[in-house]
K.L.:
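Structure incoming, see below.
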Number of protein chains: 2
Amino acid sequence: MDRHQTEKDDEASGQGRPTLKTLAFMTGLGVTTVSRALKDAPEIGAETRRRVQLVARQIGYRPNRAGVRLRTGKTNVISLVLNTEREIMSFVSDIIYGVSEVIADTPYHLIVTPYSRSQDPLDPIRYLVETGSADGVIISRTQPNDPRARYLLERGIPFATHGRTDMGLIHPYHDFDNYAFATEAVRHLTGIGRRRLALLAPPVELTYHSHTLNGFTDALSEVGANEIPFNTVSVDHSIEQIRMRTAQLMRRDVRPDGFVSSAAAATLAIVAGIEDAGLKLGRDVDVVSKQSSDLLHLFRRELLVVNENFRLAGAELARSVLGWIGGAAPGSLQSLSVPTEVLAYRRPD
Amino acid sequence: MDRHQTEKDDEASGQGRPTLKTLAFMTGLGVTTVSRALKDAPEIGAETRRRVQLVARQIGYRPNRAGVRLRTGKTNVISLVLNTEREIMSFVSDIIYGVSEVIADTPYHLIVTPYSRSQDPLDPIRYLVETGSADGVIISRTQPNDPRARYLLERGIPFATHGRTDMGLIHPYHDFDNYAFATEAVRHLTGIGRRRLALLAPPVELTYHSHTLNGFTDALSEVGANEIPFNTVSVDHSIEQIRMRTAQLMRRDVRPDGFVSSAAAATLAIVAGIEDAGLKLGRDVDVVSKQSSDLLHLFRRELLVVNENFRLAGAELARSVLGWIGGAAPGSLQSLSVPTEVLAYRRPD
DNA sequence: GTGACAATTTGTAACGTTTCAGTATATAGA
DNA sequence: TCTATATACTGAAACGTTACAAATTGTCAC
């Protein structure tokens with residue numbers, strides 16, 4: 001009965017990671033006081049607060065994530081949900097870096113939650129929510145009527161979408177202004193004398209399909225040029241498919257003299273198709289393409305490009321999610337990125 | 001004294017996520033029994049085991065990660081450590097997908113831990129170890145004498161490296177056989193009559209620099225061809241730099257008639273530089289390049305390519321780390337990926 | 001019927017954190 | 001001097017899990 005209570009608490013100075021108990025032992029305070037002192041709670045004396053924080057910094061105290069998570073439910077995790085087959089390559093790496101940049105000096109970790117073609121896109125979201133694995137979610141490939149956004153809104157889980165929805169519901173998003181991209185592309189092409197334009201659009205199910213298509217057709221009627229239908233393929237199709245369809249199209253009597261392409265990889269295929277048909281880029285046809293890294297001008301100098309910055313998108317999305325978690329109004333966390341002008345090749349200095 | 005102990009445990013049937021307590025309540029067993037029944041402990045009766053597992057499946061029980069992690073220290077997390085400035089773009093996305101594929105039906109989550117140019121590469125590793133944030137780590141950009149590998153070995157943290165080290169220490173790795181790549185490339189180039197070859201190598205500090213270089217020079221002396229030094233740039237340099245240096249090189253009296261390039265993006269720059277100097281690919285010079293996605297042949301049909309599969313690398317690395325965590329010998333978790341042969345353009349069917 | 005033994009099952013404590021409901025001390029008001 | 005009130009601090013309980021030590025039950029030999 002003598003040594004009994006004493007022993008168990010004592011060795012708080014042990015060599016393992018410091019915990020609140022360690023700090024309590026070192027400062028001579030109670031665990032509760034230390035906990036509150038570290039988060040600037042009001043009822044802690046100014047000197048005590050400073051003292052605790054000093055010691056904590058000195059010994060490199062870091063709150064145990066599992067402890068916090070178990071007690072509070074807060075995971076300090078943001079999940080990026082990605083389709084393992086269909087995402088644009090540079091999108092994945094750039095968006096991850098953008099997110100990382102923003103969460104770098106926060107306690108947040110980034111987890112990547114993949115889903116494959118065969119799965120319901122709602123599956124990974126359900127998993128995250130049911131297991132409480134993240135405080136916030138970032139989703140891509142957003143649809144006008146997006147079940148994932150609806151689901152997350154219903155459960156009150158903070159999230160942000162890359163691309164907008166169209167359900168009359170308010171949530172954070174970041175989007176590239178694809179309407180503006182398409183109109184600018186059409187204006188540029190007609191400005192250099194092209195009259196019969198084809199659009200390689202995003203997949204129909206995604207919201208930015210109609211944004212792009214509307215910009216394209218609105219600008220066409222504005223300038224009085226013609227659309228050559230090219231909707232048997234989208235940027236989601238394989239390089240080979242796009243190449244083949246392009247070649248078929250270019251062998252017709254009425255063929256486009258201008259293309260607008262929503263993705264860089266697809267543009268490579270379009271150009272290949274054009275050349276398969278024996279035509280020449282810049283002479284017989286011009287192509288305006290979005291790109292996210294600066295490679296298209298190395299590919300063919302005749303290409304016309306508009307840049308989309310995915311790293312920025314990642315940063316904005318992360319900021320939005322953190323903002324929502326922090327209590328900001330979802331409606332105030334929406335942003336739209338304005339396209340650069342259409343850029344022709346410039347010789348390096 | 002009558003209702004006192006009773007109340008607190010009772011409402012285990014509540015609507016929140018089911019826990020062991022919920023299962024215990026439903027089966028009429030103790031929490032401990034349920035816990036052990038779920039992990040097939042030997043001292044649980046066969047029928048009890050089945051009953052518990054059935055109920056658990058029915059109500060969709062999932063162990064609380066925070067609870068497990070707090071109690072056992074097991075995080076069920078694999079961390080992929082990436083340099084946010086220098087990684088190859090397709091590497092990031094493919095390796096993530098490769099890892100995801102392998103951990104998909106395990107309880108593991110993948111977290112991405114980034115570090116930037118300015119940081120010591122050891123920083124993120126230290127962070128992971130000190131905070132106990134992961135059960136296993138995957139690192140890239142491996143060096144012959146890699147402080148990260150050494151550090152992790154010292155602490156006994158399971159990890160796998162993309163690329164080998166050369167410290168006389170044993171650890172899991174996955175590597176592409178860059179020696180074989182370089183020798184094959186040289187043999188192919190000399191086979192089509194090229195005699196003066198230049199190598200665009202990986203950065204000197206990485207292990208695969210010397211693998212590549214050795215393969216290159218060994219094959220050169222084997223076939224009796226000459227090296228044109230080109231070591232002012234590496235694949236880590238900017239597109240503009242490589243392009244400029246290539247153009248300079250190609251304007252010299254003694255210029256290469258063949259290139260071996262260790263990365264696809266760099267190859268675009270090499271070709272641009274060749275063309276800047278007024279020379280023609282396939283006629284004046286041939287280029288053999290590694291690529292990780294099938295785009296180089298769209299770029300220039302004259303290019304000769306060797307494929308490196310990063311998705312496979314990700315999968316192998318994940319398998320290695322999980323293997324080590326599962327108790328396998330580190331030395332048994334090493335793999336080398338054999339290059340494809342050198343591939344010329346093939347017209348699509 | 002008793003004791004020994006194996007086969008099952010169980011309560012308690014602990015991981016590190018935060019919240020709740022306090023206690024102790026000082027300060028002020030009467 | 002006493003009660004009220006604010007200030008500063010504190011122990012106990014809980015989140016969900018697993019390890020430990022112990023308890024309960026049944027079986028069998030004697």
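Just so it is clear, the model here is predicted, and its values are computed rather than measured. Residue numbers begin at 1 in each chain, while the letters A, B, ... track the order of the sequences.
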K.L.:
In whole angstroms, how far is the P atom of C/dG16 from the CG atom of A/Leu38?
P.N.:
15 Å
K.L.:
If you count every heavy atom of other residues, nucleotides or ligands that lies below 6.0 Å from A/Glu47 atom CD, does the total exceed 12?
P.N.:
no
K.L.:
Does OP1 or OP2 of D/dT10 have a side-chain N or O of A/Thr33 closer than 4.0 Å?
P.N.:
yes
K.L.:
Between D/dT18 atom P and B/Glu43 atom CD, what is the distance in whole Å?
P.N.:
13 Å
K.L.:
In this structure, are over 12 heavy atoms from other groups packed under 6.0 Å from B/Ile170 atom CD1?
P.N.:
no
K.L.:
Regarding B/His174 and B/Ser320, is there a side-chain donor-to-acceptor distance under 3.5 Å anywhere?
P.N.:
no
K.L.:
So if I take residues 64-72 of chain B and measure heavy-atom distances to DNA chain C, which residues fall below 4.0 Å?
P.N.:
B/Leu70, B/Arg71
K.L.:
Return yes if some donor-acceptor pair links the side-chain N/O of A/Tyr97 with the main-chain N/O of B/Asn83 below 3.5 Å, else return no.
P.N.:
yes
K.L.:
Whole angstroms only, please: what is the CZ-P distance between B/Arg50 and C/dT8?
P.N.:
12 Å
K.L.:
Just the rounded figure in Å: distance from C1' of D/dG11 to NZ of A/Lys21.
P.N.:
13 Å
K.L.:
Compare side-chain N and O positions of B/Thr32 against OP1 and OP2 of C/dT9 and report whether any pair is under 4.0 Å apart.
P.N.:
no
K.L.:
Round to a whole Å and report the spacing from CG of A/Leu29 to C1' of D/dT10.
P.N.:
10 Å
K.L.:
Checking A/Arg17 side chain against B/Thr131 main chain: does a donor-acceptor pair fall under 3.5 Å?
P.N.:
yes
K.L.:
Without decimals, in angstroms, what is the distance between A/Leu20 CG and C/dT19 C1'?
P.N.:
13 Å
K.L.:
Nearest whole Å is fine: how far is D/dA8 P from A/Asp40 CG?
P.N.:
14 Å
K.L.:
Go through the side-chain N and O atoms of B/Ser140 and B/Glu87 and say whether any donor and acceptor fall under 3.5 Å apart.
P.N.:
yes
K.L.:
Nearest heavy atom decides the nucleotide; on that basis, is B/Arg36 or A/Lys39 closer to the 5' end of DNA chain C?
P.N.:
B/Arg36
K.L.:
Mark yes when over 12 heavy atoms from residues, nucleotides or ligands other than A/Ile59 sit less than 6.0 Å from its CD1; otherwise mark no.
P.N.:
yes
K.L.:
Measure CZ/A/Phe25 against C1'/D/dT10 and give the value in whole Å, please.
P.N.:
18 Å
